[in-house]
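Report on one structure; see the data block that follows.
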Amino acid sequence: MSDKISRRDFLKLAGVGAATTAVLTGCGPAARLVQREPYTKMPEYTYNGLSTYYATTCRECSAGCGLIARTYQGRAIKVEGNPNNPVNLGKTCARGQATLEGLYNPQRVRGPIKHSRGQSLYGSDNQNVESNMSWDDAIQVVADALSKNQPNEIAFLMGMAPDHLFDLITDLTKAINAPAPIRFGALGMFEARTTLMQAANDLLGQSGLPFFDIGNADLVFSFGANFLETWLSPVAQTRGYSSLRRRNPNQRGYFVQFEARMSQTGAKADEWIPITPGTEGLVALALGSLMVTASGASLPAAYSNVDVNSIANVSGVTLDTLKRLANMFAGSAHPLAISGGAALGQSNGLQTAEAVLTLNALVNNIGKDGGVFLSPLAPLADEYHRPASIREMDDFVAKLQSGSIKVLFVHGVNPLFELPKSIALRDAFKNVPQIVSFATFPDETAVQADYIFPDKHGLESWGYQKVAAGAGSSTLSGAQPVVSGVYTADGAVPQIFYDARATADVLLAAAQKAGGTLASALKFKDELEYIQSQLKGLLGNTDGFFSAAEINTFTAYFQQNGGWWKTSDDRVAPSASNALNKTFNATPAQFVGDGELYFVPFVEPVMAEAGANKPWLQEIPDPTTTVVWNSWVEINPDTAAQLGVDNDDVVLISSDAGSVEASVYKYPAIRPDTIAMPFGQGHTAYGQFAQGRGVNPFDLLSNATNEAGDLAFASMKVSIKKTGKKRQLSRLEGVIGVYENFGQQP
Amino acid sequence: MIKSFFNALNQPLGRVGVLIVFLALLSGAVWGIAQTQKTPQQPIDFPHNIHVGVLKIPCLYCHPGALRGPSPGLPTITKCWGCHQQLDITKTSPKLVPLVQAVQNNTPLQWVPVMWIPDFVHFVHRPHIAAGLNCETCHGDVSKMTVYQTPQVINMGWCLNCHRSKTEDNAQNNPTNDPAVAASLAEERIKLTDCSTCHY
Amino acid sequence: MANDLNSPVKMNMSQDAQGKWGMVIDQDLCTGCQACVAACSMENNVPFVGEVDAGYGRNMQWIRIERFWSGSFPDIKMTSYQPVMCQQCHKAPCEPVCPVYASVHSESEDLNLQVYNRCIGTRYCANNCPYQARTFNWRDYQDARQRPELVTLQNHLNPDVTVRRRGVMEKCTFCIQRIRHTEDTAESENREIRDGEVVPACAQACPASAITFGRIDDPTTQVSQAAVTSRAGHLLEDLGTIPHVTYLAGGA
């Protein structure tokens with residue numbers, strides 16, 4: 001007899017056990033574990049079991065798309081595009097969809113916090129640091145900072161969105177004669193807004209952000225512009241792309257992309273021309289020159305110095321191809337050339353922007369449908385206040401470094417992550433005695449601040465945003481809170497979990513406490529009253545889709561419709577009379593460093609600069625490589641073979657400015673002399689989903705700029721070394737073989 | 001070792017032991033079932049019989065959501081208070097202390113659902129009311145209840161029985177034996193017995 | 001319509017309506033921006049699984065955007081982005097293999113259903129799906145007791161869609177909760193559903209308007225009109241599954 005239990009005995013025992021369990025647990029509903037709490041007072045317009053919808057504005061990037069948020073019993077459930085908002089006409093991008101994961105993010109700043117610099121805002125168990133001061137004390141801190149420092153010792157650094165808070169802080173700094181707030185964002189830097197505006201100013205004699213009318217064109221030549229990804233107003237431009245392809249049922253619009261690494265936008269092109277980085281402007285000049293030559297006209301000044309043969313050599317585009325493309329451009333009814341992306345992030349970026357604008361002037365499409373306009377000025381805006389260029393940021397950081405700034409307020413931007421490491425902001429912070437961050441999330445900059453006074457999330461906030469790009473009509477997107485906050489379920493009475501307060505409210509209250517000119521200049525009860533005081537400028541204006549004579553009526557419509565916009569076509573048609581008269585030297589780009597490979601950083605299209613703390617955006621595959629949750633470096637398979645590296649091998653990439661390690665992704669659509677890395681990962685803070693994941697390609701960049709002062713982010717030459725380590729990238733596309741240790745650091 | 005345990009169970013004393021264990025489990029089970037069938041404790045012993053039976057307040061006055069959408073809803077305390085603040089009994093009755101306190105502290109009353117369906121069932125009241133069903137068809141005659149008790153076990157068979165009987169081509173649903181009515185009944189029947197009507 | 005599964009089936013939706021709800025995806029317009037993926041996940045309470053499980057191919061997204069390469073550098077092209085979700089086959093291979101009738105056909109809507117409360121997780125259906133459209137809950141991804149980060153994140157769960165547990169198969173439903181909601185609204189207003197009134201989350205978000213949705217048994221609807229083009233085709237058409245998603249080829 002063995003001691004082993006027989007199968008039959010086991011079944012008997014198991015049967016008895018299962019029957020008992022079934023009898024004891026299988027009866028009666030789980031209902032008595034549930035409790036239902038009705039509202040104490042039912043909010044207006046709310047019905048049990050039915051959703052309530054609010055119109056507001058997306059704050060994920062500065063495009064200012066209108067949203068309709070669906071709420072259900074006090075919670076925000078889903079956002080959709082606002083079908084009436086001229087920017088997005090009812091559509092959203094992936095980032096906009098994931099905005100709820102920001103609102104309900106497990107790592108937000110819990111409340112006003114005084115903390116020592118460098119200390120994390122959440123523990124290793126991912127529990128947020130509790131608030132350790134009251135909002136009254138926080139307001140006192142801000143009031144003291146504003147009143148006890150000299151005006152020129154106060155600095156404000158803000159995000160890219162031209163919103164009500166920017167107006168408020170501009171008013172505040174004017175009242176005390178402090179320097180105007182500086183606005184900055186990594187996206188604006190990648191978009192090279194300063195370069196685009198400078199080019200428009202140089203050639204068209206009018207300042208403004210160019211508006212490329214993709215939707216009405218027949219043929220689009222894009223020189224590096226990633227207009228379907230994160231550039232300017234991606235949702236509006238995608239709509240334009242859609243119209244380019246399908247507007248005319250008999251003739252599908254054609255699209256050619258010039259770039260060294262195939263972007264998500266390039267993947268949609270009919271022709272993808274892999275040109276040498278930094279020669280985009282030269283190719284544009286060659287095309288123009290060939291077009292004029294073919295037409296038999298005399299060369300305008302712009303093309304007087306252009307040597308087509310040498311451009312064909314240096315750019316790697318054959319003369320035949322250039323001639324064919326020039327012919328195509330000249331023969332199209334509505335041709336359009338766009339410059340952007342890595343093409344402008346070169347030492348000759350301004351020349352490229354101007355050469356491309358010249359190409360448009362040559363086909364006479366400036367200010368015409370399917371051509372180039374200047375973006376309409378938003379309502380209430382006197383001019384378009386562009387974000388700071390890197391040159392201006394460099395000066396700003398030098399000012400911080402010099403110790404002349406005693407208090408720095410940071411809102412809506414995470415400069416420690418969004419600036420190249422070679423711009424030594426972290427060092428400069430040491431010379432600023434007091435740093436106050438208004439960050440909603442525990443980002444790198446908040447960690448280095450002395451105080452964190454968290455602003456509300458966009459879906460909890462009032463506001464408006466002056467739309468800078470994308471809409472054809474002058475648009476002011478309006479925002480209102482769709483939920484009152486995030487609450488915990490513990491206890492009989494739910495407690496607010498994220499005790500955030502609108503920065504505008506904090507500043508207004510602080511101004512009253514500070515007294516003096518500040519108090520009299522900013523005599524507003526709260527944020528809403530300030531917004532209304534601004535909106536008064538639109539009363540009685542009959543150009544809009546609604547008008548009202550009285551402010552409360554106006555505000556009610558403004559809230560209900562998610563903003564105010566004109567019904568007219570407000571795109572500015574500048575004069576192109578002098579556009580062909582500027583002579584170009586046709587210089588190829590200068591590169592920094594003596595590595596053998598060109599380095600092209602690009603913005604991860606789904607996550608962009610601030611999406612890394614949203615788990616969905618992390619899990620959405622990159623559109624071109626399908627990699628999720630990490631960083632990678634794209635290398636042409638031939639180059640990888642020469643280096644002896646394969647997919648998932650970790651390589652060390654070094655430039656003059658620094659070095660990073662990343663896993664290899666063999667990318668077939670990149671030049672063999674070029675490597676590329678996405679920007680968006682590599683956080684050292686910013687919540688559990690972002691921290692310690694991937695690397696930041698900004699660590700490889702110098703502070704070299706183009707002629708307009710924008711960062712020449714694609715001007716590095718780097719070298720690659722095999723490390724012998726391997727780290728598996730998780731990706732959607734099939735991988736052959738059995739893998740282990742996904743995503744773990746070797 | 002396990003084998004010897006089984007041998008021990010085969011001895012007379014062992015069999016008595018098995019019987020005792022079995023009876024203990026059985027009585028535990030019976031007790032457990034009885035517990036689940038008891039009406040749960042509510043924060044207030046709400047007398048439906050007075051409100052509906054005596055005062056003749058319509059169901060939809062307090063549960064108006066049933067007319068519009070999925071959930072009938074529970075009344076807010078402001079709705080209770082609207083009437084009760086005018087009644088003297090509110091101040092004196094010990095049974096109403098929780099309501100008075102809730103109003104004073106602005107806290108919600110935490111009710112325990114009795115008529116309960118699991119999360120994977122999506123039930124909408126509106127079409128049921130629109131189809132002419134009365135509340136008491138499913139919820140029983142609440143004018144005779146104090147604290148609400150569910151009149152039947154709610155399971156899928158109960159739902160389907162009704163969906164089937166309402167769409168049967170018989171003398172009650174199609175008294176004139178009209179082929180058009182028969183066809184629409186057949187279509188309704190497909191619809192009302194489709195899994196996707198309730199499960200998604 | 002031929003019933004023989006071995007004979008290729010010629011399909012032209014508007015003339016030979018097989019089905020009720022259908023979708024047309026214009027691959028020429030799809031820019032691969034992934035807005036549909038995010039919108040779908042948001043609407044349908046699709047969980048995220050994290051880097052490790054994603055590496056094993058356990059992503060739960062109901063819609064994925066496929067892309068392939070053709071040629072080699074420098075004459076390389078990316079094929080048109082192809083969003084793939086459950087094709088809602090008229091003759092679905094996933095249905096006959098389910099031992100517990102969790103994967104059943106809706107007679108009234110002509111959709112493939114997944115009845116979560118019946119599903120026991122045999123995964124036969126996923127095995128038999130030629131489109132790889134089904135995803136399986138390998139863990140309790142939505143359980144805040146196991147994933148503390150969800151305590152706040154779960155606030156945005158959609159109450160109209162069941163939250164699935166471990167061991168349950170799931171897939172695209174054509175946003176049936178929206179179909180039901182619109183039906184209910186139309187019924188309460190005593191009218192028929194209008195064309196374009198039911199919009200699934202993916203179509204609503206799509207910035208390029210590449211996705212059209214509606215009734216394919218009515219030749220006048222937008223979706224039926226859009227399908228009448230030489231660019232139209234179905235995925236793995238010769239399997240005879242009669243999918244209800246029509247793709248319009250890109251690049252032309």
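Letters A, B, ... are given to chains in the order of the sequence lines, protein chains preceding strands, and every chain is numbered from 1.
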Within 45° cone and under 6.0 Å: C:Arg178 NZ/CZ vs C:Phe213 ring: no
Heavy-atom side-chain contact between A:Tyr498 and C:Thr152 under 4.5 Å: yes
Salt bridge (charged side-chain N to carboxylate O under 4.0 Å, His left out), paired with C:Asp140, selected from C:Arg165, C:Arg164, C:Arg147: C:Arg165
Residue C:Gln27 versus chain A: region with a heavy atom under 4.5 Å: backbone
Per-residue contact mode, C:Pro47 against chain A (heavy atom under 4.5 angstrom): backbone
A:Thr321 and A:Thr318: side chain donor to acceptor below 3.5 Å: yes
Interface residue of largest heavy-atom contact number with chain A, from C:Met78, C:His181, C:His156, C:Glu43, under 4.5 Å: C:His156
Contacting region of A:Pro637 [heavy-atom separation from chain C under 4.5 Å]: neither
Heavy-atom contact with chain C under 4.5 Å, split by part of A:Pro274: side chain
Part of C:Ile65 lying under 4.5 Å from any heavy atom of chain A: backbone
Under 4.5 Å from a heavy atom of chain A, the part of C:Gln61 involved: side chain
Chain A contact via C:Leu150 - side chain, backbone, both or neither, heavy atoms under 4.5 Å: neither
Contacting region of C:Ser72 [heavy-atom separation from chain A under 4.5 Å]: neither
Top contributor to chain A contacts, counting heavy-atom pairs under 4.5 Å, from C:Val46, C:Ile76, C:Asn59: C:Ile76
Candidate pair A:Trp616 and A:Phe689, rule ring pair (Phe, Tyr, Trp, His ring centres under 6.0 Å), full reasoning: CA-CA 10 Å; A:Trp616 262 356; A:Phe689 299 113; over 10 Å; no
Aromatic contact, A:Phe255 with A:Phe227 (centres under 6.0 Å): yes
